[in-house]
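We use all heavy atoms of the structure for the numbers below, so side chains are in, but hydrogens, waters and symmetry mates are not.
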Amino acid sequence: MSLGDQLLLTLEFWREYRTFFHLGQAWGLDETTVQRTIERVEDALLSSGQFSLPGKKALRADTHVWTAVLVDVTEIPCERPQKNKSSGTAGRKSGTP
């Protein structure tokens, strides 16, 4: 497997978060080979010094202020008024002239 393919495999893993098994099926590799390849590429990128992961303090420092709007959309049955024969409409016509 070429270095370009190894990098492409790692990028595919990061982008889609597919399991090692499914990546192995797609690439025709064993899942342990996929795992070792991804770990090797990640280690090489981190050791190059051009890529770094934020430290724990940077991850804990939350500078974003989150706001949320919650709307209760629970359906509640409501009773309709009962229809009475005596309280019909005033302009009602009877069947006889």
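Looking at Gln35 and Glu31, their side chains never bring a donor and an acceptor atom within 3.5 Å of each other.
Using a 4.5 Å heavy-atom cutoff, the side chains of Phe13 and Leu23 are in contact. Using a 4.5 Å heavy-atom threshold, the side chains of Leu29 and Met1 count as touching. Two residues are said to be in side-chain contact when any heavy atoms from C-beta on lie closer than 4.5 Å; Thr33 and Trp27 fail this criterion.
Summarising the geometry, atom CG belonging to Leu45 is positioned 6.5 Å from atom CG belonging to Leu7; distances are rounded to the nearest 0.5 Å. Remark: Asp30 CG to Phe21 CZ distance equals 9.5 Å, nearest 0.5 Å. Note: Ile38 CD1 to Leu11 CG = 10.0 Å, rounded to the nearest 0.5 Å. A distance of 15.5 Å separates OG1 in Thr10 from CZ in Arg15, rounded to the nearest 0.5 Å.
Its side chain within the 4.5 Å cluster rule, Val69 clusters with Val71, Val73 among the Ile, Leu, Val, Met, Phe, Trp and Tyr residues.
For Glu12, the salt bridge (charged side-chain N to carboxylate O under 4.0 Å, His left out) partners at least two apart in sequence or on another chain are Arg18. Residues meeting the salt bridge (charged side-chain N to carboxylate O under 4.0 Å, His left out) test with Glu79, sequence neighbours left out: none.
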